[in-house]
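One structure is given below, encoded as structure tokens.
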Amino acid sequence: MVGILSNPRHFDRGAVGMLLIIAAAAVLIVAWITAFRIRIDSEKLSYRTLGSLLHGERWVRWEDIASAEIAAGPPRGLKITERNATGPLVINLKVFDRADVTALLGILRIQAPLRTCRDV
């Protein structure tokens, strides 16, 4: 493939276009996955996604959590309901490491069967 691109006589615009599409898709996938963050401190739990770049990071103070449960869907994930909020905070657990999810569930004191991404 490199030989085709470096030799002007065999330059294939279709191949270059396909390479650019694949590279752009890879960059978008990596940006999407690395955008997910859960931050835990003594006062609050915050959750960031790629959409947070537009809408801001969602957070909830520990004392404002009314309930937390594993939601089977839709949407699927950890559903945290605040006492005075209009809607729940739903955390997509599939993009996080299993050990991190287990630690988060332990912090929230949720006793729920933890399934791997393949099971969900």
Side-chain angles (χ1 to χ4, degrees):
M1 182 62 89
V2 174
I4 292 172
L5 296 177
S6 64
N7 188 343
R9 289 182 288 154
H10 299 336
F11 188 72
D12 184 5
R13 292 184 193 270
V16 171
M18 185 60 71
L19 283 174
L20 290 175
I21 290 171
I22 291 170
V27 166
L28 287 174
I29 289 170
V30 169
W32 178 72
I33 290 174
T34 58
F36 284 89
R37 296 267 191 262
I38 296 175
R39 184 169 293 129
I40 298 170
D41 63 29
S42 61
E43 296 179 15
K44 66 182 183 268
L45 176 142
S46 61
Y47 177 57
R48 186 186 80 182
T49 67
L50 188 59
S52 300
L53 298 174
L54 302 173
H55 306 294
E57 186 175 65
R58 295 261 333 250
W59 56 272
V60 59
R61 294 171 52 101
W62 293 115
E63 61 265 12
D64 293 337
I65 295 177
S67 66
E69 63 183 327
I70 302 293
R76 198 180 323 191
L78 176 62
K79 185 168 119 179
I80 298 174
T81 306
E82 296 179 65
R83 287 188 172 80
N84 298 321
T86 56
L89 169 63
V90 180
I91 298 176
N92 181 357
L93 297 176
K94 292 190 285 185
V95 295
F96 295 105
D97 184 66
R98 184 179 178 136
D100 295 334
V101 171
T102 303
L104 175 62
L105 295 178
I107 291 169
L108 290 170
R109 295 182 186 90
I110 295 176
Q111 299 301 320
L114 183 62
R115 300 182 299 175
T116 64
C117 295
R118 290 181 291 274
D119 296 332
V120 174

Taken to the nearest 0.5 Å, the spacing of Glu63 CD from Lys44 NZ works out to 11.0 Å
One should read off an interatomic distance between Leu45 CG and Arg61 CZ, to the nearest 0.5 angstrom, of 13.0 Å
Would you say [X] and [Y] are hydrophobically clustered, going by side-chain heavy atoms of ILVMFWY under 4.5 Å?
X     : Y     : value
Val16 : Met18 : no
Val90 : Val95 : no
Leu28 : Leu20 : no

Are [X] and [Y] close enough that some pair of their side-chain heavy atoms sits under 4.5 Å apart?
X     : Y      : result
Trp59 : Asp64  : no
Tyr47 : Ile80  : no
Asn92 : Thr49  : no
Ile70 : Leu93  : yes
Leu89 : Ile91  : yes
Leu78 : Leu108 : yes

Contacts of Arg39 meeting side-chain contact (heavy atoms from CB on, under 4.5 Å) (sequence neighbours excluded), chain-then-number -> Ser46, Glu57
side-chain contact (heavy atoms from CB on, under 4.5 Å) filter on Thr81, not counting sequence neighbours, yields Ser67, Lys79, Pro88
Assess the residue pair Leu104 and Phe96 against the criterion (side chain to side chain contact (heavy atoms under 4.5 Å, CB included)); give the C-alpha distance rounded to whole Å, side-chain angles, the decisive distance to 0.1 Å, and a yes or no. CA-CA 11 Å; Leu104 175 62; Phe96 295 105; over 6 Å; no
Correct closest heavy-atom pair for Gly87 and Arg58 would be O-NH2, 3.8 Å
